[in-house]
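First the proteins, then the strands, lettered A, B, ... as listed; each starts at 1.
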There are 2 protein chains.
Amino acid sequence: MLISVAVIEDSRTIRESLRRIIDGTPGMRCLWAAGSAEEALTEVLRQAPDVILMDIHLPGMSGIECTARIKQAAPAVEVIMLTVYEDNEKIFRALQAGACGYLLKRTRPEELIQAIKDVKQGGAPMTSEIARRLVEAFRHPPAEHAGGDTALSRREKQILDLLSRGFTNKEIANDLSVSPETVRHHLKRVYDKFHVHSRTAAVLKYLGMEGRPS
Amino acid sequence: MLISVAVIEDSRTIRESLRRIIDGTPGMRCLWAAGSAEEALTEVLRQAPDVILMDIHLPGMSGIECTARIKQAAPAVEVIMLTVYEDNEKIFRALQAGACGYLLKRTRPEELIQAIKDVKQGGAPMTSEIARRLVEAFRHPPAEHAGGDTALSRREKQILDLLSRGFTNKEIANDLSVSPETVRHHLKRVYDKFHVHSRTAAVLKYLGMEGRPS
DNA sequence: TTGCCTATCCCCCGAAAGGGTAAGTCCCCG
DNA sequence: CGGGGACTTACCCTTTCGGGGGATAGGCAA
């Protein structure tokens with residue numbers, strides 16, 4: 001079974017290097033290699049590959065945006081993000097856009113090839129560090145990729161956490177064995193810090209969804 | 001650096017086999033090997049290992065429950081679930097309980113050893129199939145296992161959508177050019193359908209986060 | 001010591017939200 | 001044609017929120 005691969009990467013050197021690695025692998029062929037997201041989008045419509053290696057940092061449209069569009073146009077195409085970045089936010093955004101793998105550029109060629117094969121078999125190749133972050137994010141969705149650096153006190157976080165599970169102030173107060181007034185007080189401070197004026201907006205901000213698309 | 005490992009596995013054969021594999025690896029030592037969750041919990045307090053290999057299916061307390069308790073008592077201990085099951089629910093429950101890796105029992109010894117090392121380095125070893133499921137779960141939490149089949153009318157969805165972006169009833173009303181009373185009315189129906197009693201809870205349900213872990 | 005932060009609790013007020021009920025329009029389907 | 005569902009508006013009442021004060025107390029650092 002021949003796996004058709006495409007590469008999206010702005011650096012010509014890396015792009016051609018990836019193409020050589022792919023074409024040099026038996027059972028694998030590089031269909032095309034684009035230098036920009038825009039170019040890639042037209043190529044995808046012309047010839048949809050099985051797997052795409054996508055640089056996350058592209059001039060113009062980002063690789064994340066490009067991934068989202070490709071998955072919309074051709075959901076069967078599997079996308080592996082290839083990047084130098086290791087920060088959580090980019091990882092999550094890429095996965096949500098539809099990427100199924102996330103590798104660092106320093107990944108060795110043989111691992112890259114293995115990753116492409118993995119993807120075809122329904123796997124989700126990623127370094128174990130990245131897998132760990134995914135696991136962490138899965139375990140504590142709020143604390144990690146939301147609030148982040150916003151200086152919330154322990155108590156405020158705690159209350160926000162209960163708030164984000166749909167409890168009323170009174171229920172939170174009972175849960176924490178304090179007066180509802182105290183809960184309200186902490187929430188006021190949270191609203192200030194988040195620059196919001198409603199519990200709903202605060203929760204959304206806390207969960208990192210304030211900018212969700214419709 | 002010596003990595004101390006512990007094994008929790010009810011089958012004596014597999015337990016001893018795991019112990020041999022670990023003790024046969026330079027730089028690794030099997031501290032203890034328990035046959036039940038209860039036994040393991042007391043052992044953990046006595047001697048906390050760096051990494052635990054935990055069978056998910058144990059007589060009495062399950063491996064998932066046991067993982068949760070261990071992580072509570074000794075958060076630094078890393079737990080790798082070892083199992084024959086491959087179903088999503090168990091995977092997620094285990095990860096939420098605090099496991100950081102999830103391997104199938106048919107994993108070869110050398111991979112197991114590598115996984116233990118991975119964990120010590122902050123990785124999250126898992127087969128790529130399992131990683132894929134995690135990614136899937138991460139990508140569509142809302143659409144899939146939430147809202148899904150709940151029969152919401154067009155209008156109700158529309159309002160819920162605006163609601164889930166933090167708008168007040170009045171703002172939604174302006175947006176849709178209807179009266180706030182109308183918005184309130186639709187929301188009431190939504191609350192009924194969702195069996196919730198607050199906008200926050202409704203939004204969470206809508207976004208598919210109603211069962212989030214703490 | 002004097003602040004400053006966090007946490008706790010209290011007051012007030014007006015606005016918003018939740019619950020119930022009623023009634024009007026529209027359009028589709030039998 | 002009639003009935004039903006979706007959508008609309010309106011009224012009632014009660015509870016909760018959001019925003020504004022202020023008071024007390026412990027901890028921690030300048």
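Within the structure, the salt bridge (Lys or Arg N to Asp or Glu O under 4.0 Å) test picks out the following pairs touching residues 25-46 of chain B (sequence neighbours left out): Glu43(B)-Arg46(B). For residues 73-82 of chain B, every residue pair satisfying the salt bridge (Lys or Arg N to Asp or Glu O under 4.0 Å) rule, not counting sequence neighbours, is listed here: Arg132(A)-Glu78(B), Lys71(B)-Glu78(B).
For Leu176(B), the side chain to side chain contact (heavy atoms under 4.5 Å, CB included) criterion is met by Arg155(B), Gln158(B), Ile159(B), Leu162(B), Ile172(B), Val178(B), not counting sequence neighbours. Scored by the side chain to side chain contact (heavy atoms under 4.5 Å, CB included) test, Ala74(B) finds Val44(B), Val77(B) as partners (sequence neighbours excluded). Legend: residues meeting side chain to side chain contact (heavy atoms under 4.5 Å, CB included) with Glu110(B), ordered by chain and number and at least two apart, are Arg108(B). Listed by chain and number, the residues in a side chain to side chain contact (heavy atoms under 4.5 Å, CB included) with Arg15(B) are Val7(B), Glu9(B), Arg12(B), Ala33(B) (sequence neighbours excluded). Listed by chain and residue number, nothing satisfies the side chain to side chain donor-acceptor pair (under 3.5 Å) test with Ser62(A) (two or more places apart in sequence, or in another chain). Evaluation of the side chain to side chain donor-acceptor pair (under 3.5 Å) rule for Arg154(A) yields no partner, not counting sequence neighbours.
In this structure, CZ of Phe194(A) is placed 14 Å from P of dG18(D), rounded to the nearest angstrom. Protein atom CG of Asp192(B) is 10 Å distant from nucleotide atom C1' of dG19(C), rounded to whole Å.
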Each nucleotide N or O in nucleotides 7-17 of chain D that has a protein N or O under 3.5 Å away: list the pair and distance.
| unit_1 | atom_1 | unit_2 | atom_2 | d |
| --- | --- | --- | --- | --- |
| dC7(D) | OP1 | Arg155(B) | N | 3.1 |
| dC7(D) | OP2 | Ser153(B) | OG | 2.3 |
| dT8(D) | OP1 | Arg155(B) | NE | 3.2 |
| dT8(D) | OP1 | Arg155(B) | NH2 | 2.4 |
| dT8(D) | OP2 | Arg155(B) | NE | 2.6 |
| dT8(D) | OP2 | His186(B) | NE2 | 3.2 |
| dT9(D) | OP2 | Ser179(B) | N | 2.8 |
| dT9(D) | OP2 | Thr182(B) | OG1 | 2.6 |
| dC11(D) | N4 | Glu181(B) | OE1 | 3.0 |
| dT16(D) | OP1 | Lys170(A) | NZ | 2.7 |
| dT16(D) | OP2 | Lys170(A) | NZ | 3.4 |
| dC17(D) | OP1 | Asn169(A) | N | 3.4 |
| dC17(D) | OP1 | Arg199(A) | NH2 | 3.4 |
| dC17(D) | OP2 | Asn169(A) | ND2 | 3.3 |
| dC17(D) | O5' | Arg199(A) | NH2 | 3.4 |

Identify each atom pair where a protein N or O and an N or O of nucleotides 25-30 of chain D are less than 3.5 Å apart, giving names and distance.
none

query = Could you walk me through whether Cys100(B) and Val119(B) pass the side-chain contact (heavy atoms from CB on, under 4.5 Å) check?
reply = CA-CA 8 Å; Cys100(B) 75; Val119(B) 164; 3.9 Å; yes
Pairs under 3.5 angstrom only: tabulate donor-acceptor contacts from the side chains of residues 182-189 of chain A to other protein residues two or more places apart or in another chain.
| unit_1 | atom_1 | unit_2 | atom_2 | d |
| --- | --- | --- | --- | --- |
| Arg189(A) | NE | Glu156(A) | OE2 | 3.3 |

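The bend of the helix from dT1(C)-dA30(D) to dG30(C)-dC1(D), defined by the angle between the axes of its first five and last five pairs, stands at 40° to the nearest 10°.
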